[in-house]
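Everything below concerns the one structure shown next.
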Amino acid sequence: MIAAALYAMPWAARAQTVEIPAALSEGSVPAAPGTGAQAMFVLGFFRGSPYTLSHARDILAGTSLTPAFESWCGLLPQVDFTNGTTVDSLGRSAPTTMCLPFQDPLSEQRQPCRPLPGLPSGRYSTNGGAVLRLRGWFAVRSPGTYTFAWGHDDGMAFDVGPVPVFAYHDGTAPRVDRRVLRFEAPGLYPFQLDWFDSIGGALIDWYVAEGEHPDGELAAGGFRLFPTSDLYPSGALPCTRDCRRCALPTPRCDYASSRCVACLDDRDCARGTRCERGECAVPTLPDAGSPADAGLDAGADASLDAGLAPPSPEGGCGCAVGNTGPARHAALAAMLALALSRGLRRRERTLLR
C-alpha cells in the first residue's frame, strides 16, 4: 500500500534559479489574451519506446529508427495531461486533467480525464510509446521572479529560447520538478516543452507561481496551471491535424481550426481586397438603389470628388455644376487642342486651293 501511494502521488525536487535576459523576449505582450500553444503528438510504433529524452526527440525529428505509428498537431489550451493512471501535481483528475491524444476511451483508467474536443482517440493507453512537443510564446506581464513546476511521468525538458531551463532524461514514476526563473523585462518569450511516456503511467502538467517557491506543497505556494491567456501560438510547429506545414496558396495557419488559409485578416491581402473566411476577396459593393443607401450625404460627397454627377433628385435633374477637378481640366484642354488642330488643317486646305 505504501508503494502504491508513493507511485500515485508526484514527489517534489528542490528548485534551482535560472536568469532569463530581456534579449530573449520576441516582442511586447499583445493586448488580446492568448489562446494556447501548438502541440505535436507522435505515437511510436513500438510499445514501451522511447526510454530516453534524446530518443524521444529523434522520433519527433523523424531521424529515429523507431517509426512513428501516428501523429497529430493542434492547439492545446493548457498543459495538464494524463493517460488516466495517475492524478496531476495537485492531486486532481477530470475535469482539470485532459486525456492525452490517441487515448483509448475503452482502456482501463483508475483516474478519469476530460477528452479534449478534436483530439484523436483509440490507440493509446499504457506502454504506448508517446512523445509530445509544445512550442509557442508565454507572456511575462511584469518583470520579476516566478517559479515554474512540472509534474511528469516519464521524462521531459523545458527551454526558454536557447536557454535550457530543466531536463529529466529518463523514465520515472510521477514526480514534480521546479525552477525559479528571473525575468529582466516583460514580453513574449519563446519556449519548447518536450515530454515522453514509455511504460505505465503518463503525466505532464505545467504550473506557475509568483516569487520563489523552491520547495513545499504546490497548493501552499499559490501554484496554478500556466494560464491559457498567457500562452500564444508562434507557428513553429506544423499547422494541420495531420502535421503538415502551410504553403502557397494558403500560407497562413488558422490555429483555432488547425487548417491552412490564404489570410487571417485584411493585412494579409492585396489592396482592394478583404479577408473573408480565410480567403482574399473583392468586397461586395452595396446596391446603389437600395433603401439603405438612399439620401446618404457621404455618397453624394464621394460622387462629387470622383468627378461624377450627383444622383438626380426626385422629379428633377442633376448636373455637376462647379465640379472642376484636375481630371476635368485635363479633359477640356485635350478637347480644345483637338478642335484647334482640326480648324488649322481646314484653313490650310482652303489656302492651298
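A quick note: this is a predicted structure, and the numbers were derived from the prediction, not measured. Residues take their numbers from the sequence shown, with the count starting at 1.
- With D197 as reference, D154 is the one residue of T82, D154, L132 to meet the side chain to side chain contact (heavy atoms under 4.5 Å, CB included) rule.
- Hydrophobic clustering of Ile, Leu, Val, Met, Phe, Trp and Tyr side chains at less than 4.5 Å, counting indirect connections, keeps L75 apart from F226.
- In terms of heavy-atom proximity, P227 sits nearest to V208 at CD-CG1, 4.3 Å.
- Taken from CG in L193 to NE2 in H152, the straight-line distance is 10.0 Å, to the nearest 0.5 Å.
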Next item on the list: Go through the steps to decide whether L225 and T96 satisfy the test side-chain contact (heavy atoms from CB on, under 4.5 Å), and finish with yes or no.
Entry: CA-CA 9 Å; L225 285 172; T96 303; 3.8 Å; yes
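- No side-chain N or O of S54 forms a donor-acceptor pair with one of H169 less than 3.5 Å apart.
- Aromatic pair Y146/F138: centroids not less than 6.0 angstrom apart.
- Side-chain atoms of R110 come within 3.5 Å of backbone N or O of T85 as a donor-acceptor pair.
- Here the OG1 atom belonging to T35 is positioned 8.5 Å from the OH atom belonging to Y232, to the nearest 0.5 angstrom.
- Of the candidates L76, I204, D194, L134 forms a side chain to side chain contact (heavy atoms under 4.5 Å, CB included) with just one, namely L76.
- Distance check: H55 NE2 to S198 OG gives 11.0 Å after rounding to the nearest 0.5 Å.
- A distance below 6.0 Å separates the ring centres of F158 and W206.
- Side-chain N or O atoms of W195 include none that pairs as donor or acceptor with a backbone N or O of D205 at under 3.5 Å.
- The minimum heavy-atom distance between D268 and C280, with the atom names listed, is O-SG, 4.1 Å.
- Crowding of E210 atom CD: a count of heavy atoms from other residues, nucleotides or ligands under 6.0 Å not exceeding 12.
- Checking each of C253, C260, C239 against C246 for a disulfide bond (SG atoms under 2.5 Å apart) leaves exactly one that passes, namely C260.
- No donor-acceptor pair under 3.5 Å is formed between the side chain of D88 and the backbone N or O of T97.
- A donor-acceptor distance shorter than 3.5 angstrom exists from the side chain of R241 to the backbone of G118, with no hydrogens or angles considered.
- Not counting sequence neighbours, E217 has no partner by the salt bridge (charged side-chain N to carboxylate O under 4.0 Å, His left out) test.
- The hydrophobic clustering, which links ILVMFWY residues whose side-chain heavy atoms are closer than 4.5 Å, places V79 and L181 together.
- Using a distance-only test at 3.5 Å, with no hydrogens or angles considered, no donor-acceptor pair links the side chain of D159 to the main chain of F191.
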Note to self: The test is salt bridge (charged side-chain N to carboxylate O under 4.0 Å, His left out); show your working for R182 and E212 and say whether it passes.
What the structure shows: CA-CA 9 Å; R182 292 197 182 103; E212 294 189 38; 3.0 Å; yes
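- Looking only at side-chain heavy atoms (C-beta outward), R141 and D230 come within less than 4.5 Å of each other.
- Using a 4.5 Å cut-off between side-chain heavy atoms of Ile, Leu, Val, Met, Phe, Trp and Tyr, with links allowed through other members, W150 and F41 fall into the same hydrophobic cluster.
- Connectivity analysis of hydrophobic side chains (ILVMFWY, heavy atoms under 4.5 Å, direct or indirect) links V131 to M40, V42, L53, I59, L60, F196, L237.
- Put simply, the side chain of T147 reaches to within 4.5 Å of the side chain of F223, judged on heavy atoms.
- Distance check, rounded to the nearest 0.5 Å: SG of C73 to CG of D242 gives 8.0 Å.
- Of the possible donor and acceptor atoms, none in the side chain of R135 sits under 3.5 Å from a partner among the backbone N and O of S234.
- Within 6.0 Å of CZ on R274 lie no more than 12 heavy atoms contributed by other residues, nucleotides or ligands.
- Looking at S25, its side chain never comes within 3.5 Å of a backbone N or O of A22 through a donor-acceptor pair.
- Around atom CZ of R57, more than 12 heavy atoms belonging to other residues, nucleotides or ligands sit under 6.0 Å away.
- Interatomic distance, OG1 of T228 versus CD of Q78, reported as 5.0 Å (0.5 Å rounding).
- M156 and Y51 sit in two unconnected hydrophobic clusters of ILVMFWY residues. Membership requires side-chain heavy atoms under 4.5 Å apart, directly or through other members.
- When all heavy atoms of P101 and L119 are compared, the pair lying nearest together is CG-CD2, 3.9 Å.
- With contacts defined as side-chain heavy-atom distances shorter than 4.5 Å, the pair P238/R245 qualifies.
- Atom CG of D266 is separated from atom CD of E276 by 8.5 Å, given to the nearest 0.5 angstrom.
- Heavy-atom minimum distance, L203 versus V87: CD2-O, 3.6 Å.
- The two residues R123 and L43 come nearest to each other via the heavy atoms O-CD2, 3.6 Å.
- Checked against the 6.0 Å centroid threshold, Y189 and F183 count as a close aromatic pair.
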Check: Given C263 and C269, is the disulfide bond (SG atoms under 2.5 Å apart) satisfied, shown in steps?
Finding: CA-CA 7 Å; C263 60; C269 297; 3.7 Å; no
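- Under the 4.5 Å side-chain heavy-atom criterion for ILVMFWY residues, no single connected hydrophobic cluster contains both V29 and V160.
- Here the shortest heavy-atom pairing between N83 and G200 reads ND2-O, 3.3 Å.
- Side-chain atoms of Q38 do not come within 3.5 Å of backbone N or O of G136 as any donor-acceptor pair.
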